[in-house]
Amino acid sequence: MRKILIIISLLGGFSLQTLAQKIGLDEAIDFALKNNLELKVADKEVQHKEAFVATFQEIPKTNLELQYGSIQLPNIGDYAFTLAQPFNHPAENKARKKLYESYVNQSLTEREIRVLELKKAVRSSYYTLTFQSRLLDFLSDQDTLYSKAIRRAEIRYKQGETSILERTNLSMQRDQLKNNMQQTQYQLSMEQQKLKELLQWKSGDLIVEKEELENEILLGNPSGESPFLSRFDRLSEVNQEQINLTQAGLKPSFLAGVTNQSMNGSLSQFVIMGGINIPIFQKSGKAKVEAFKVQDQVIAAQKEALNSKITMEVENLVTELRSKNSELNYLKQSALPSAELITQTAQKQYMIGDINYLEYQQNFKQALDIRQQYLNKLLEQKIIEININYLLGR
């Protein structure tokens, strides 16, 4: 029987390990970039635009005419057969190709923005999940300390050293702590599901690297201009190519063809023809060009406004980040060691009866608040860093 229990235990342990997998932040981002469905849609959009480039050389429909009747003499059937093919000016086809290629560049930039949005979402979810995991561990440790204090209160109550109020009060505090643990566990489960959806994770639960919450994040854009600003460059590029295509459309087009006509019932007339179509009325086309030029000025103004807004937002976030870093340095170097000392001292003094339960709770709550404040500040710091990188295009 014991052997069977050992085998079941081993199998159970193996099952738990296969259902849960630890994953780092960089690994999570890479996994999302490969599997996220919205990004796959963006890839398809790029492929669609790239395939469309091959259609740039638009050749007008071939004109085919057939005439039959008495052309020269009555009662003698003659026919006239004409095949004609118009051609656009080569500059028009070239301009159309450039326009379609600008659409590809535009789709690539939009994909970059989706990548940024995905990275931001994964980072935010990952750090939130890390925060909740550490908070749950922290609350569990506090629950253990409360349990020890309650057992001590029960002993003192049985020995007649204190009233039942002490045990009841401590039990109430622990119940409140357990309720916080349940709420944190629920939030952790919801955040884990959110991260799994972002990653399209299908292989069980995720375990995050808890120390990631304190790792430094590199700030800045390694590739130059932010895609949010590049978006306006792509709009301007498309707009310019539309100008070029409109101007090319004002150039002449060409016509080539052949005519074969019978004469008195015999195949005796064959003519090769060529022609040119000249756009005499160009007012509408020139008006479109001017409209596109005005639109280009609008795009340039929009880019300048967004650049100014991003610069201001980044400056504000950097200022806020400095403040958060200062708070964290204080908490880490001074407040946290003090909180640890307060917890240990209060625990020992209560166990030996040097302080009553009210003093114990007061000291315990003070230390609890400091530790939880430290975790909250860490998460706030990471959210600021995520937003800075998002705006700068990292």
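We count residues from 1, following the sequence as given.
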Exercise. Quick one: OG on Ser171 to CD on Gln176, what's the gap to the nearest 0.5 Å?
Worked result: 13.5 Å
Exercise. Do Leu139 and Ile150 share a hydrophobic cluster (ILVMFWY, side-chain heavy atoms under 4.5 Å, transitive)?
Worked result: yes
Problem set entry | Least distance between heavy atoms, Thr62 atom then Ala84 atom | CG2-O, 3.5 Å
Exercise. With ring centroids as reference points, do Tyr100 and Phe56 lie under 6.0 angstrom apart?
Worked result: no
For this session: Give a yes or no on whether a salt bridge exists between Lys34 and Asp30, defined as a side-chain N under 4.0 angstrom from a carboxylate O.
Result: no
Exercise. Considering residues at least two apart in sequence or located in another chain, which fulfil the side chain to side chain donor-acceptor pair (under 3.5 Å) criterion with Lys293?
Worked result: none
Exercise. At what distance, to the nearest 0.5 angstrom, does CG of Asn239 lie from CD of Gln297?
Worked result: 10.0 Å
Exercise. Charged N to carboxylate O under 4.0 angstrom, Asp354 versus Lys348?
Worked result: no
For this session: Verify side-chain contact (heavy atoms from CB on, under 4.5 Å) between Met273 and Thr82, making sure each step is shown before the conclusion.
Result: CA-CA 10 Å; Met273 62 180 179; Thr82 302; 3.5 Å; yes
Exercise. Do you reckon Val238 sits in the same ILVMFWY cluster as Leu306, going by side-chain contacts under 4.5 Å, direct or chained?
Worked result: no
Exercise. Using 4.0 Å as the upper bound for N to carboxylate O, is an ion pair formed by Arg231 and Glu110?
Worked result: yes
Exercise. Checking Thr55 side chain against Phe52 main chain: does a donor-acceptor pair fall under 3.5 Å?
Worked result: yes
For this session: Look at Glu45 together with Arg114 and state whether they make a salt bridge at an N to O cut-off of under 4.0 Å.
Result: yes
Exercise. Side-chain contact, heavy-atom cut-off 4.5 Å: Glu340 with Pro337?
Worked result: no
Got a list of side-chain donor-acceptor pairs under 3.5 Å for residues 373-387, not counting sequence neighbours?
{"unit_1": "Tyr374", "atom_1": "OH", "unit_2": "Glu214", "atom_2": "OE2", "d": "2.4"}
{"unit_1": "Asn376", "atom_1": "ND2", "unit_2": "Gln372", "atom_2": "O", "d": "3.3"}
{"unit_1": "Lys377", "atom_1": "NZ", "unit_2": "Glu327", "atom_2": "OE1", "d": "2.9"}
{"unit_1": "Gln381", "atom_1": "NE2", "unit_2": "Asn325", "atom_2": "OD1", "d": "2.6"}
{"unit_1": "Lys382", "atom_1": "NZ", "unit_2": "Leu213", "atom_2": "O", "d": "3.2"}
{"unit_1": "Lys382", "atom_1": "NZ", "unit_2": "Asn215", "atom_2": "O", "d": "3.2"}
{"unit_1": "Asn387", "atom_1": "ND2", "unit_2": "Ile383", "atom_2": "O", "d": "3.2"}

For this session: Kindly compute the distance separating NZ (Lys303) from CZ (Phe228), expressed to the nearest 0.5 Å.
Result: 14.5 Å
Problem set entry | Point-to-point distance, once rounded to the nearest 0.5 Å, from CZ of Phe87 to CD1 of Ile276 | 14.0 Å
Exercise. Between the side chains of Glu191 and Ser125, is a donor N or O closer than 3.5 angstrom to an acceptor N or O?
Worked result: yes
Exercise. How about Asn244 and Leu99: do any of their side-chain heavy atoms sit closer than 4.5 Å?
Worked result: no
Problem set entry | Residues Glu237, Arg234: salt bridge by 4.0 Å N-O rule | yes
Seminar exercise, completed: Distance col, row Gln347:CD vs Asn363:CG, nearest 0.5 angstrom, shows 11.0 Å
